Number of protein chains: 2
Amino acid sequence: MKTMTKKKSTAVLPLNTILAGDCIEAMNSLPEESVDLIFADPPYNLQLKGDLHRPDNSRVDAVDDHWDQFSSFAVYDKFTREWLKAARRLLKPNGAIWVIGSYHNIFRVGASLQDAGYWILNDVVWRKSNPMPNFRGKRFTNAHETMIWASKSEGAKYTFNYEALKALNEGIQMRSDWVLPICNGGERLKDSNGDKAHPTQKPEGLLHRVLVGSTNPGDVVLDPFFGTGTTGAVAKMLGRDWIGIEREEAYREVATRRIASVRKFDREALQVSTSKRAEPRVPFGQLVERGMLRPGETLTSPSGKIAKVRADGTLIGDDVKGSIHQVGAHLEGAPSCNGWTYWHFRREGKTVSIDVLRQQIRAEMTDRPH
Amino acid sequence: MKTMTKKKSTAVLPLNTILAGDCIEAMNSLPEESVDLIFADPPYNLQLKGDLHRPDNSRVDAVDDHWDQFSSFAVYDKFTREWLKAARRLLKPNGAIWVIGSYHNIFRVGASLQDAGYWILNDVVWRKSNPMPNFRGKRFTNAHETMIWASKSEGAKYTFNYEALKALNEGIQMRSDWVLPICNGGERLKDSNGDKAHPTQKPEGLLHRVLVGSTNPGDVVLDPFFGTGTTGAVAKMLGRDWIGIEREEAYREVATRRIASVRKFDREALQVSTSKRAEPRVPFGQLVERGMLRPGETLTSPSGKIAKVRADGTLIGDDVKGSIHQVGAHLEGAPSCNGWTYWHFRREGKTVSIDVLRQQIRAEMTDRPH
DNA sequence: CCGCGATGTGAATCCTTCC
DNA sequence: AGGAAGGATTCACATCGCG
């Protein structure tokens, strides 16, 4: 049990449960700034069915009925603005949101996100490896959906596990287009008649990438359009807490059973590749203090520049003094320089990066608890 | 010369010329319902702040041109609504429009299109085969742009050359995601200093596909943000008439020279858009995302070595972490190792190579959408 | 003439901590 | 809060010079 050290406590959050009812009301019942990530798969239906049908239920009569069209969009926009506002209230200052949609609704969602103060980080295309073809041959195969990833506001320090995503992509930076199959086969949930339990069940692979990339273990993930609970299932596997909101009882039942049968991955398996940025800072002076480098010793750069180490952990070159970074930048005429990878020293006839010494110190630091 | 068979004559249209000046005024000076297709590459409103440097300290040449500066979303929206309205007036009843953009502007454009009465037919993603990476590792590689294809109104009988596009795509129905390289090399126009003539020149392959798919020979294509005239050049090659509107004299001059040197039925662009099929690269992480292997699961090697799968698609052994290849090489004391053939998992009492799973994914990727 | 390494570059909302 | 300083970060091609 955590102690309440923060003003905004998460103690009252209904973690790892599905709330029944309207998502806007449900979100407004939760404490503000309590959620790390929101994943939302809102309804697309502009004038098809459900509660977002056109107010007068009239038929769209081709060409020029602009007002009618606009009124239907206006209803959808109002709904979108309201749930996005409620969602934003729930997000911690450094929280983020993902919304998925198709061309029917994603442009309205994206514009509403921007208007609400969210800051778009990327749009990500889910490129389906096995889409349904366009049977009548009147348009392109609708082979993708669009996700928008946005932070709560401009300048927020959103979570992005860059190295983990790079590892998932076998060493190459993850792109904004993701190739994944649609959800079918054994993963597709069926009802008692053997029909699909939900019309738009998302593949777990999609949520895996979203959650590995933009949350950490222990984070709270909310899904206001929970459906059959893909977000909850993957969150549980990955050791994240989750909250679902779903209006339809049938979906809540399917989701509850589904998530109950999910096992969390081993703790070791949840460890993920991390970047250098996450490692503790080591001042260059420590290498001198510890005798790894001696004052007066000469360092060299790949480009053949030279500087000498001073007792206080600064360098001195021909016409410049300062930190390893400053001297490197000056000698290269560059706006900045990473001195750790720039400078090298000699030992036993070999040239070695000073970063190797930093790694030694870091290894010592993590060996024993302090 | 065509005979005037229609009520709305195209006789007064300034065909195959570039109009100078503001695109809204220029469009309003043209006769209504006179154009078959509009292709528009409006300013993206990138909102860039400071400089950006590559890891090698070179500076990225940003799009900081005055024409891309807008003081707020409201100003951008007003501009968008106005040019979309002028464009719609020009379209014949069965005409259509394509607009290209990025996440900075495309949601506003899409919503404005819908509000103006256009009817979206598809959104099409241009997946760049060689995008600029994200240098700071803070977001996903911005590897695509979005195009919206819309008819003038719902129910309009837009042009769609299904079979021609299918033929372009080696006999498979054309999808809503198109892989094309960015415009560089010999196709990229240079000014007298050898610098790029325009910061955002689009590849001819993109326009080739748009025009083959949604116009017929003899149709009139208008581009209100003509730039260096890619639309005009490809339209001329394909035997379509074109009209360009461009505010900047320098761009008009480049475009004029460019189009003059184009021959009708020059098939350069077609060559670019045919795909070169290599075996698709499958990152090991996909097996994890897709649930084919479970984080925490143990892999074994023929020599009896062991490692566990992590959620990010890396492996962890006794004293080593990394990719399937790195961990295999380390455990064997070898300089390198093909992890795909080295590692095995167990299913139903049998030991199976992970390469079997890769083959399954590759089979899916080459599946046809039928 | 070919191959290889060095160099250049593309619509980009691209850092974090300390004082 | 604003400025200074530390130091982390790239993929796919095209072009060119050199051996």
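From a predicted model like this one, the values you see are computed outputs, not experimental measurements. Chain letters run A, B, ... following the sequence lines, proteins first and then strands; every chain starts at 1. What's counted below: heavy atoms across the whole structure, side chains too, no hydrogens, waters or symmetry copies.
Under 3.5 Å, the side chain of A/Ser275 and the base of D/dA8 form no donor-acceptor pair of N or O atoms.
Contact annotation: the side chain of A/Arg310 never approaches that of A/Pro295 to less than 4.5 Å [non-hydrogen atoms, C-beta and beyond].
Across the C1' atoms, C/dA12 and D/dT9 are found 14 Å apart, a figure rounded to whole Å. Distance check on atom C1': C/dT13 versus D/dA12 gives 23 Å, rounded to whole Å.
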For nucleotides 4-13 of chain C, 5' to 3', base contacts (B), sugar-phosphate-only contacts (S) and non-contacts (-) with protein non-hydrogen atoms under 4.0 Å give -----BBBBB
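Between B/Phe225 and B/Phe39, the distance from one ring center to the other does not fall under 6.0 angstrom. Taking the six-membered ring wherever Trp is involved, the centroid distance between the rings of A/Trp126 and A/Trp178 does not fall below 6.0 Å. For A/Trp149 and A/Tyr158, the distance between ring centers is under 6.0 angstrom. The six-membered or imidazole ring of B/Phe226 lies away from that of B/Tyr251, with a centre-to-centre distance of 6.0 Å or more.
Phosphate proximity of D/dA8 to A/Arg358: present, with a side-chain N or O under 4.0 Å from OP1 or OP2.
Candidate nucleotides D/dC13, D/dG7, D/dC11 were compared by shortest atom distance to the side chain of B/Ser129, and D/dC13 ranks first.
Judged by the 6.0 Å and 45° rule, B/Arg358 forms a cation-pi pair with B/Trp340.
Residues B/His104 and B/Ser102 have side chains that bring a donor and an acceptor to within less than 3.5 angstrom of each other.
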Each base of DNA chain C marked ( ) or [ ] if paired in-strand (Watson-Crick or G-U under 3.5 Å), | if paired to another strand and . if unpaired gives .|||||||||....|||||
